[in-house]
Amino acid sequence: MIKEHLKEIFFDKIKPNAKIAIYGAGTVGIKMYHDILKHRSDVTVKYFIDTYKTGEVEGVEIFPFSQVNTLKDIDLVVAATRRDYSLVM
């Protein structure tokens with residue numbers, strides 16, 4: 001279950017209908033993806049970005065970090081790190 005604190009500091013700050021990329025396609029990134037879908041259905045997760053993983057996860061393309069400067073049509077990139085996300089979960 002999402003803590004109210006996370007909603008206030010993160011989900012409520014994302015602009016309406018934003019297109020985002022999540023940096024980190026591991027366990028924490030996937031958890032963040034599901035939380036975004038659950039609490040912000042207007043937001044589109046267009047990509048995961050990862051240094052080591054390729055392919056797709058949850059039907060979303062994993063974009064290589066080495067090519068992140070070529071991403072287009074993204075409003076926000078959020079970092080899914082175990083330490084920071086677990087502090088508020």
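Side chains included, hydrogens not; waters and symmetry mates left out as well; all remaining heavy atoms used.
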- Taking it one step at a time, do Val43 and Phe11 satisfy side chain to side chain contact (heavy atoms under 4.5 Å, CB included)? CA-CA 10 Å; Val43 172; Phe11 294 113; over 6 Å; no
- Closest non-hydrogen atoms of Ala80 and Gly29, given as atom of the first, atom of the second and distance, are CB-CA, 3.5 Å
- Task: Taking the side chain as every heavy atom from C-beta outward, state whether Tyr47 and Val77 have any pair of such atoms under 4.5 Å apart.
- Result: no
- For residues 15-28, pull every pair meeting salt bridge (Lys or Arg N to Asp or Glu O under 4.0 Å), keeping only residues two or more places apart or in separate chains. Lys15-Asp75, Lys19-Asp73
- Query: Are Ile74 and Leu76 co-members of a hydrophobic cluster defined by side-chain heavy atoms under 4.5 Å apart?
  - Reply: no
- Val68: side-chain contact (heavy atoms from CB on, under 4.5 Å) partners, not counting sequence neighbours: Ile49, Phe65, Leu71
- Query: Between Ile30 and Tyr23, is there a shared hydrophobic cluster once you connect ILVMFWY residues whose side-chain heavy atoms come closer than 4.5 Å?
  - Reply: no
- From NZ (Lys46) to CD (Glu61), nearest 0.5 Å: 10.0 Å
- Message: If I take atom CG from residue Asp12 and atom CZ from residue Arg40, how far apart are they, to the nearest 0.5 angstrom?
- Response: 7.0 Å
- Message: Please report the interatomic distance OH(Tyr33) to CD1(Ile22), rounded to the nearest 0.5 Å.
- Response: 8.0 Å
- With sequence neighbours excluded, residues passing side-chain contact (heavy atoms from CB on, under 4.5 Å) with Ile62: Ala25, Phe48, Asp50, Lys53, Val57
- Which heavy-atom pair separates Ile36 from Ile20 by the least distance, and what is that distance? CD1-CD1, 3.4 Å
- Note on the structure: The reported gap from OG1 in Thr27 to CE in Met32 (rounded to nearest 0.5 angstrom) is 12.5 Å
